[in-house]
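Beneath this line is the structure, given in structure tokens, with notes to follow.
In each ligand, atom 1 is the first atom listed, and ligand 1 is the first ligand listed.
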Amino acid sequence: MDITGTAQHEAWQARALPPVEQVRPNLWSIPVPIPHNPLRYVSVHAFALDGGGLGLLDTGWESDESWAALTGGLAQIGAGIDDVRGALVTHLHFDHLGLAARVREASGAWIAMHPADASAVARISRESAAAFVASEVAFLVGLGADREDAVSDVGPPDRLESFTRMAVPDRLLEDGEHADFPGWRMRAVHTPGHTPGHLSFAEEGTGLFFSGDHVLPRISPNISTSFAGAADPLGDYLESLAAVRDLDPAEVVPAHEWRFRGLDARVDALTAHHEQRLTELLTAIRRHPRSTPWDLAAHLTWSRPWDQYERRMRIFAVTETDAHLRLLARRGLVVSSGGPVPTWTLAVR
Ligand SMILES: [Zn+2]
């Protein structure tokens, strides 16, 4: 894997925000900060369109600071928010879709996503934050959490208010369709796993592969179960990795961190990482049969001691463990007891 986004990588090491960069003729990357988040920023990409105006890929986290960075970045390339004709959004997470509502309001731009994530956003927007919290708590209790732990980890509903006001997209893009970016050939590649409707984009003129959060150069994207999510998100993810492995793009342009070359090597490393986690989980189940995902997560190795995990981090860890369990079950290696709080045991073979 070769790092090609060297300015992005240097900024990362200096703990600074990278510069606005011209990536190709008529194509720029604009780093938009994510407040209080270890990912630090999302790279919004701006495409100059034939016939005038701009297309955006992703929009940024919904906050005044992020909005200022986006509009400031557009000013730096001699454009304004009212030049935006349309925004493609790789997936429904708040750092990608968050600012889409403001972009649409300020410019009249269309917003396009894959139908699976679009319908999830529509569903979230119909729900109250309180209902959302109740569903998440019930889901965690079903994974073996004490109700008190689940309530404290999920946190109060007001934290989620803004999530229920995200922009519902007005256009849908299916796998293989080309986005309405005149002058470009942006082919949508459905890459479910991180979310059910995650889209990557293969730009057929430049050979660039816009990988969203599907393939990142440093971290492994979170693959977890949720109360309204896919049945086997890790199985989906590994299939989506295999599907893009041999695209051989000129450069990979991810939504976080830095651009790089060597998609196949990165896909192999991510696949190996999950296979190793699956093996580790099998060992934990052998030692601790009839355990819930909540209990099993405590027996896996994490980036810091398990008893320091709390809140969102613990939810991510437990739902990620659940995603690995579901794939092991699909492979016939483990069985669940069923019932309201299933426990897991090695399958008798
Ligand atoms: Zn992201």
Given a cut-off of 2.8 Å, the protein N, O or S atoms lying below it from the Zn ion (ligand 1) are Asp95 OD2, His96 NE2, Asp213 OD2, His256 NE2
Residues passing the salt bridge (Lys or Arg N to Asp or Glu O under 4.0 Å) test with Glu239, sequence neighbours excluded, are Arg330
Open item on the list: Is there a path of hydrophobic side-chain contacts, each under 4.5 Å between heavy atoms, that joins Phe210 and Leu99?
Closed with: no
Side chain Glu203, main chain Trp184, donor-acceptor under 3.5 Å = no
Name every donor-acceptor pair, under 3.5 Å, that has one atom in a side chain of residues 30-41 and the other anywhere in the protein, sequence neighbours excluded.
{"from": "Asn37", "atom 1": "OD1", "to": "Leu39", "atom 2": "N", "distance (Å)": "2.8"}
{"from": "Arg40", "atom 1": "NH1", "to": "Trp12", "atom 2": "O", "distance (Å)": "2.8"}
{"from": "Tyr41", "atom 1": "OH", "to": "Glu257", "atom 2": "O", "distance (Å)": "2.6"}

Asp236 meets the salt bridge (Lys or Arg N to Asp or Glu O under 4.0 Å) criterion, sequence neighbours left out, with none
Side-chain touch Arg286/Thr283, heavy atoms, less than 4.5 angstrom:
yes
